Amino acid sequence: MLDIRLFRDQPDAVREGLRSRGRDSSVVDEVIRLDAQRRELLASLEQLKSESNRVSKEISALKKAGKSGDDQVERMRQVRDEIKAGDSRLASLSAEIEAALLRIPNLPDPACPRGESEADNVEVRRWGEIPRFDFEPKAHWDLGPELGVLDFDVASKLAGARFALFRGAGAAMERALISYMIHLHVAHHGYTEISPPFLATRQAMQCTGQVPAMEEDMFRVANSDLFLIPTAEVPLCGYHANEILDGGQLPIRYTGYTPCFRAEAGAAGRDTKGLIRRHQFDKVEMAVYCKPEDSPAELQRLLAAAEDVLQGLGLPYRVMELCTADIGPNAVRTYDPEVWMPGMGRYVEISSCSDCGDYQARRGQVRFRREPGGRPEFVHLLNGSGLAVGRTFAAILENYQQADGSVVVPEALRPFMGGLDRITPA
RNA sequence: GGAGAGGUGGCUGAGUUGGUCGAAAGCGCUCGACUCGAAAUCGAGUGGCGGGGGUCAGACCUCGCCCGUGGGUUCGAAUCCCACCCUCUCCGCCA
């Protein structure tokens with residue numbers, strides 16, 4: 001969330017930030033109004049509490065001296081009731097402010113391209129040769145079942161719509177992709193591998209922003225208060241919640257594989273075929289904790305790690321920088337690598353790398369000290385997919401398909417698949 | 001799931017006949033003295049959050065809150081009561 005001080009000191013900057021996202025900025029006035037009320041109430045309450053503390057000591061002294069102190073006790077009864085009433089008003093005011101702040105998105109970085117919609121995203125670069133076929137390339141949702149490596153029918157029998165089942169060499173390749181990606185991040189990019197819980201508390205979900213704003217898109221475990229994580233960002237960024245780190249530890253870079261669960265509540269009818277949009281998919285995620293001044297460079301580093309996976313697999317892609325209207329609520333700046341899908345005939349988002357500034361760190365209270373004994377500051381948090389495994393799987397099928405219906409296994413993946421170099425129809 | 005023990009400041013750890021306890025002591029850390037330098041020793045300092053004042057910004061001053069979390073009792077709670085969470089040990093169950 002945003003620092004409440006921003007609303008006091010630079011309300012116009014907040015309004016401008018919200019407008020650049022195409023959001024209504026009237027909440028700003030609401031927050032300012034509530035905050036002023038809260039502070040006024042707080043001041044009078046603290047005065048009461050101060051009196052209460054003072055009189056309490058008087059009573060203590062009187063009792064010790066063997067005197068009654070009945071007048072003071074009577075006065076304290078009144079003060080206590082006033083304090084109780086004030087405290088509960090304060091609590092509800094604070095809750096109101098908190099609720100508002102939790103739903104207000106981050107302010108885009110000045111460097112983030114200004115835009116009205118997805119159409120205003122900016123292409124940063126392209127990499128790789130788009131493969132040319134002397135036959136009509138198929139989409140992965142045809143190729144996969146024909147090869148016997150994907151089965152959507154069985155998946156829907158087992159779990160309903162929007163699930164996938166990987167089979168044989170398909171299952172092996174999915175597993176190999178996870179290993180390959182993690183290996184790359186750990187061995188070449190300085191990440192520490194984490195294998196976290198796949199369920200998370202409301203608190204943890206709130207830290208990274210999935211709750212409350214996107215709660216209807218989350219799966220909830222019926223007999224507990226836990227959520228199925230929609231991304232490993234939740235555990236990786238929640239890892240250091242409520243901690244004060246030593247500046248010397250930074251940057252901290254984590255990577256981890258988890259399945260991701262999303263209700264896709266607002267996506268009815270979209271991407272219904274194939275592996276593009278499922279209720280459950282695998283993803284290797286990266287998260288970085290760093291000092292505020294380092295986050296722009298760390299974002300480039302994060303993006304480079306994601307691109308390295310695509311390059312290692314020989315998949316052609318382009319990098320888009322999202323405009324103010326399209327970046328996620330947490331982000332100040334975002335790059336989306338998009339992979340070319342020959343069968344689908346378009347680029348498809350396969351990663352999203354964001355600098356979230358101190359927005360999530362404030363929600364989760366993740367801080368650090370530059371010097372021992374120094375003032376705690378909020379870290380900057382970044383996260384990015386490296387990569388979405390299901391979509392990578394789809395991209396391999398589509399890019400590496402052959403005229404005979406087989407699919408060549410990218411060389412980099414073969415060591416992770418027992419040397420298998422080609423998937424042929426069973 | 002059952003039984004028991006416990007959750008105090010960066011760490012260890014005192015503190016339950018409720019009252020100058022935000023909290024002893026030790027360690028760690030910072031600064032200073034001693035030293036050529038270091039160790040040892042000695043001295044001083046050393047939590048977080050929020051409000052107000054102050055400042056260009058700090059420093060600083062002041063008030064309040066925080067002893068797992070949330071309630072309750074009381075003039076007053078780290079200390080008493082209730083609920084919940086977490087950790088440890090044993091038993092049960094189980095991949």
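In what follows, chains are A, B, ... by sequence order, proteins preceding strands, each numbered from 1. None of the values given here were measured: they were computed from a predicted structure.
- Annotation for A/Phe368 and A/Phe378: closest pair CE2-O, 3.6 Å, computed over non-hydrogen atoms.
- Nucleotides B/C80 and B/U73 are separated by 8 Å at their C1' atoms, to the nearest Å.
- Residues A/Ala200 and A/Ile229 share a closest heavy-atom pair of CB-CG2, 3.8 Å.
- For A/Glu411, the CD atom sits in a loose shell: 12 or fewer heavy atoms of surrounding residues, nucleotides or ligands are nearer than 6.0 Å.
- The two atoms that bring A/Met1 and A/Arg362 nearest to each other are O-NH1, 3.1 Å, heavy atoms only.
- Distance check on atom C1': B/A23 versus B/C86 gives 24 Å, rounded to whole Å.
- For the P atoms, the distance from B/C91 to B/U74 is 45 Å, rounded to whole Å.
- When the P atom is used for both B/G52 and B/G13, the distance is 40 Å, rounded to whole Å.
- The nearest whole Å value for the distance from the CZ atom in A/Phe368 to the P atom in B/G10 is 18 Å.
- Nearest heavy-atom pair across A/Ser156 and A/Ala161 is CB-N, 4.5 Å.
- One atom, CG of A/Asp87, and another, C1' of B/G71, lie 13 Å apart when rounded to the nearest Å.
- Atom CD1 in A/Ile97 sits roughly 14 Å away from atom P in B/G50 (whole-Å rounding).
- Distance, A/Leu93 CG to B/G51 C1': 14 Å, rounded to whole Å.
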Sub-3.5 Å pairs of nitrogen or oxygen atoms, protein against nucleotides 73-78 of chain B:
residue: B/U73; atom: OP2; partner: A/Lys84; partner atom: NZ; Å: 3.2
residue: B/C75; atom: OP1; partner: A/Arg77; partner atom: NE; Å: 3.3
residue: B/C75; atom: OP1; partner: A/Arg77; partner atom: NH2; Å: 2.4
residue: B/C75; atom: OP2; partner: A/Arg80; partner atom: NH1; Å: 3.2
residue: B/G76; atom: OP2; partner: A/Arg80; partner atom: NH1; Å: 3.3

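- Ring geometry, A/His240 versus A/Tyr254: the interplanar angle falls under 30°, so the pair is classed parallel (tilted spans 30 to 60°).
- Position along RNA chain B of the nearest nucleotide to A/Lys57 versus A/Ala43 favours A/Lys57 as the more 5'-ward residue.
- A side-chain donor-acceptor contact under 3.5 Å links A/Asn106 to the backbone of A/Asn330.
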(request) Any chance you could lay out the salt bridge (Lys or Arg N to Asp or Glu O under 4.0 Å) test for A/Glu264 and A/Arg162, step after step, and finish with the verdict? (result) CA-CA 9 Å; A/Glu264 297 296 350; A/Arg162 284 198 193 280; over 6 Å; no
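- For the P atoms, the distance from B/A25 to B/U87 is 33 Å, rounded to whole Å.
- Annotation: side chain of A/Glu233 is in contact with side chain of A/Gln210 (closest heavy-atom distance under 4.5 Å).
- Of the P atoms belonging to B/U69 and B/A77, the separation is 16 Å, rounded to the nearest Å.
- Going from the P atom of B/A3 to that of B/A83 covers 13 Å, rounded to whole Å.
- Residue A/Ile244 contributes atom CD1, which lies 15 Å from atom C1' of B/C11 at whole-angstrom precision.
- Few gaps surround CD on A/Glu216; more than 12 heavy atoms of other groups in view lie less than 6.0 Å from it.
- Checked against ring-ring contact (aromatic ring centres under 6.0 Å, His included), A/Phe393 has the following partners two or more places apart in sequence or in another chain: A/Phe166.
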Heteroatom pairs (N/O) under 3.5 angstrom, protein to nucleotides 57-66 of chain B:
residue: B/C63; atom: O3'; partner: A/Ser50; partner atom: OG; Å: 3.3
residue: B/G64; atom: OP1; partner: A/Asn53; partner atom: ND2; Å: 3.2
residue: B/C65; atom: OP2; partner: A/Asn53; partner atom: ND2; Å: 3.3

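- Using a 4.0 Å cut-off between a side-chain N of Lys or Arg and a carboxylate O of Asp or Glu, A/Glu16 and A/Arg114 qualify as a salt bridge.
- Residue A/Arg367 places at least one side-chain N or O under 4.0 Å from the OP1 or OP2 atom of B/C49.
- If you measure from atom CD of A/Glu377 to atom C1' of B/G48, you get 15 Å, rounded to the nearest angstrom.
- B/U46 and B/C27: their C1' atoms are spaced 13 Å apart (whole Å).
- For RNA chain B, each stem of at least three Watson-Crick or G-U pairs (distances under 3.5 Å) is given as range with range: B:1-7 with B:85-91, B:10-12 with B:25-27, B:28-33 with B:41-46, B:47-53 with B:60-66, B:68-72 with B:80-84.
- Residues passing the side-chain hydrogen bond (donor to acceptor under 3.5 Å, both in side chains) test with A/Ser295 are A/Asp355, A/His380, sequence neighbours excluded.
- Between the CD atom in A/Glu215 and the CE atom in A/Met218 there is a gap of 8.5 Å [rounded to 0.5 Å].
- Relative ring orientation between A/His185 and A/His189 is described as tilted, the plane-to-plane angle lying within the 30° to 60° band.
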So which protein nitrogen or oxygen atoms get under 3.5 Å of nucleotides 52-55 of chain B's nitrogens or oxygens?
residue: B/G52; atom: OP1; partner: A/Arg39; partner atom: NH1; Å: 2.5

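- Between A/Asp3 atom CG and B/C49 atom P the separation is 12 Å, expressed in whole Å.
- At whole-Å resolution of the value, CG in A/Asp246 and P in B/C11 are 12 Å apart.
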